[in-house]
Engineer: 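There's a structure below that I have some questions on.
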Amino acid sequence: MVEAVSSPEVVRLAGVTKAFNVGTPIENEVLHGIDLQLARGEFAAVVGPSGSGKSTLLNLIGLLDRPTQGRLAVTGQETTELDDAHLTALRGHAIGFVFQYHHLIGCFTAAENVMMPLVAAAGRPRPGMRERAEQLLASVGLAHLAERRADQLSGGQQQRVAVARSLAMQPALLLADEPTGNLDTKSAEDVFALLRQVNREHGTSVLFVTHNAALAARCDRTIEVVDGRVR
């Protein structure tokens, strides 16, 4: 298991590039020399036009992909030389994810979905996991729906379950990729408010990718990505 190192920054990128099809005639560099820091407890929006490299950047920070060049540290841990097993361990303990599509298991209850990261980390269900899941559901206002199947919940409720699931491992960093993109205005506002609540009450750093300018304006900082570069 990779231990997080004490650091004032939860994320640091230095000179990071990302290219696809490297060494072929169709090589394409989509991120160019990214320098970026996210402080602990910060709530930042990532904005930019479609195709600008936002999702690629989020995938790198989330340790779902590797930079082509440059250095990337998460919770003070330099990741560039880590093997896949250590990257997986660090990602599982340090980072929570909320996507545009909630990716819940429809036939599982809300509580069972929230428990999944805990079960995956331990290798099997253990005492206390359900209680932890129920506490997290209560924190997102869904205590009364803990035993409701995920496919019987509304879109806004499903996204709330996804937020609760993302917090199961008490991550230092929460990555939210267009989490309100498929929701109506009220549900989108509710999910944004919930992310803000998590940020303020738990000190969780949040990186929030959005096309919603009004929501981005309410974050601590806006990071604009244009043509693979951070402005």
Side-chain angles (χ1 to χ4, degrees), residues 4 6-13 16 34-48 52-65 72-77 79 90-104 114 117 135-142 156-183 187-225 230-231:
S6 178
S7 169
E9 298 159 343
V10 73
V11 173
R12 172 181 283 273
L13 292 85
V16 165
I34 301 293
D35 296 315
L36 178 66
Q37 298 84 42
L38 185 70
R40 288 184 179 269
E42 189 173 12
F43 192 108
V46 179
V47 302
S52 61
K54 301 188 303 298
S55 293
T56 300
L57 177 62
L58 212 67
N59 284 343
L60 294 182
I61 293 172
L63 307 180
L64 298 172
D65 202 354
L72 167 62
V74 175
T75 60
Q77 172 69 54
T79 68
L90 180 59
R91 181 173 61 246
H93 287 84
I95 304 173
F97 296 89
V98 182
F99 299 102
Q100 182 174 357
Y101 301 99
H102 47 76
H103 299 299
L104 302 180
V114 175
Q135 290 171 346
L136 287 168
L137 286 170
S139 75
V140 301
L142 294 180
Q157 290 168 341
Q158 289 173 334
Q159 199 62 305
R160 283 176 169 268
V161 174
V163 171
R165 179 185 58 189
S166 74
L167 299 174
M169 299 295 293
Q170 298 179 296
L173 172 64
L174 182 60
L175 300 179
D177 192 0
E178 289 284 358
T180 64
N182 285 332
L183 303 178
S187 294
E189 175 64 32
D190 289 346
V191 169
F192 180 83
L194 177 59
L195 293 174
R196 254 308 191 186
Q197 176 185 330
V198 167
N199 166 250
R200 288 170 173 159
E201 293 184 359
H202 300 279
T204 307
S205 300
V206 177
L207 203 56
F208 178 78
V209 175
T210 183
H211 283 101
N212 188 319
L215 293 182
R218 293 160 57 189
C219 296
D220 299 337
R221 176 164 61 116
T222 300
I223 301 163
E224 186 178 13
V225 181
V230 170
R231 286 187 178 178

Engineer: Quick check against the 3.5 Å criterion: does Asp220 have a side-chain atom that pairs as donor or acceptor with the backbone of Phe43?
Structural biologist: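 Here the side-chain-to-backbone pair exists.
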Engineer: Under the side-chain contact (heavy atoms from CB on, under 4.5 Å) criterion, do Val230 and Ile223 qualify, and how do the steps go?
Structural biologist: CA-CA 7 Å; Val230 170; Ile223 301 163; 3.8 Å; yes
Engineer: Of all the heavy-atom pairs spanning Pro171 and Gly96, show the shortest one and how long it is.
Structural biologist: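 Looking at all heavy atoms of both residues, the shortest contact is CB-N, 3.5 Å.
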Engineer: Distance check, rounded to the nearest 0.5 Å: Leu215 atom CG versus Glu189 atom CD?
Structural biologist: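 Those atoms lie 6.5 Å apart.
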Engineer: Given side chains that start at C-beta, do those of Leu36 and Val16 come closer than 4.5 Å, heavy atoms only?
Structural biologist: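 They are not in side-chain contact.
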Engineer: Rounded to the nearest 0.5 Å, how far apart are CZ of Arg12 and CD of Gln77?
Structural biologist: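 Reported value, rounded in 0.5 Å steps: 15.0 Å.
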Engineer: Using side-chain contact (heavy atoms from CB on, under 4.5 Å), reason through Phe192 and Asn212 one step at a time and then give a plain yes or no.
Structural biologist: CA-CA 11 Å; Phe192 180 83; Asn212 188 319; over 6 Å; no
Engineer: Would the distance check show the side chain of Asp177 and the main-chain N or O of Val98 forming a donor-acceptor pair, the cut-off being under 3.5 Å?
Structural biologist: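 Side chain of Asp177 to backbone of Val98, a donor-acceptor pair under 3.5 Å: no, none is there.
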Engineer: With no hydrogens and no angle check, is any side-chain donor or acceptor of Thr204 less than 3.5 Å from a backbone partner on Leu173?
Structural biologist: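 Side chain of Thr204 to backbone of Leu173: no pair is present.
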Engineer: If we ignore hydrogens and angles and just use 3.5 Å, is the side chain of Lys54 paired with the main-chain N or O of Val225 as donor and acceptor?
Structural biologist: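 No; judged by distance alone, with no hydrogens or angles, the pair does not exist.
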Engineer: Going from OG1 on Thr222 to CZ on Phe208, what distance comes out if it is rounded to the nearest 0.5 angstrom?
Structural biologist: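 Here the rounded value is 10.5 Å.
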Engineer: Quick check: closest heavy atoms across Ala94 and Thr75, and the distance to 0.1 Å?
Structural biologist: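 In terms of heavy atoms, the two residues are closest at CB-CG2, 4.0 Å.
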Engineer: Could you go through Arg221 and Leu38, starting from their C-alpha distance and side-chain angles, then the distance that decides it, and tell me whether this counts as side-chain contact (heavy atoms from CB on, under 4.5 Å)?
Structural biologist: CA-CA 10 Å; Arg221 176 164 61 116; Leu38 185 70; 4.0 Å; yes
Engineer: Main chain of Arg218, side chain of Arg196: is a donor-acceptor contact present, judged purely on distance under 3.5 Å?
Structural biologist: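 Yes, because the side chain of Arg196 sits within donor-acceptor range (under 3.5 Å) of the backbone of Arg218.
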Engineer: Measuring from atom CZ of Arg165 to atom CG of Leu104, what distance do you get when rounded to the nearest 0.5 angstrom?
Structural biologist: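 Those atoms lie 5.0 Å apart.
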Engineer: Is there a side-chain contact between Val74 and Arg91 (heavy atoms, below 4.5 Å)?
Structural biologist: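 Of all side-chain heavy-atom pairs linking Arg91 with Val74, none is under 4.5 Å.
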Engineer: So, taking the atom named CG in Leu174 and the one named OG in Ser205, what distance separates them when rounded to the nearest 0.5 Å?
Structural biologist: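 Atom-to-atom, Leu174:CG and Ser205:OG are 9.5 Å apart.
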Engineer: Is Thr79 reaching over with its side chain to a backbone N or O of Leu72, donor-acceptor style, under 3.5 angstrom?
Structural biologist: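 Yes: the side chain of Thr79 pairs with the backbone of Leu72.
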Engineer: Test your reading of the model: is there a side-chain donor-acceptor pair from Thr210 to the backbone of Val47, 3.5 Å cut-off?
Structural biologist: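 Side chain of Thr210 to backbone of Val47: no pair is present.
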Engineer: For the pair Arg160 (side chain) and Val140 (backbone), establish whether a donor and an acceptor sit closer than 3.5 Å, ignoring hydrogens and angles.
Structural biologist: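 Yes, the answer is positive, given that a donor and an acceptor are paired below the 3.5 Å cut-off.
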Engineer: Which heavy atom in Ala168 sits nearest to a heavy atom in Leu136, and how many Å separate them?
Structural biologist: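 In terms of heavy atoms, the two residues are closest at CA-CD1, 3.6 Å.
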Engineer: Any chance you could measure Ile95, atom CD1, to Leu63, atom CG, to the nearest 0.5 Å?
Structural biologist: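 So the CD1 of Ile95 and the CG of Leu63 are separated by 4.0 Å.
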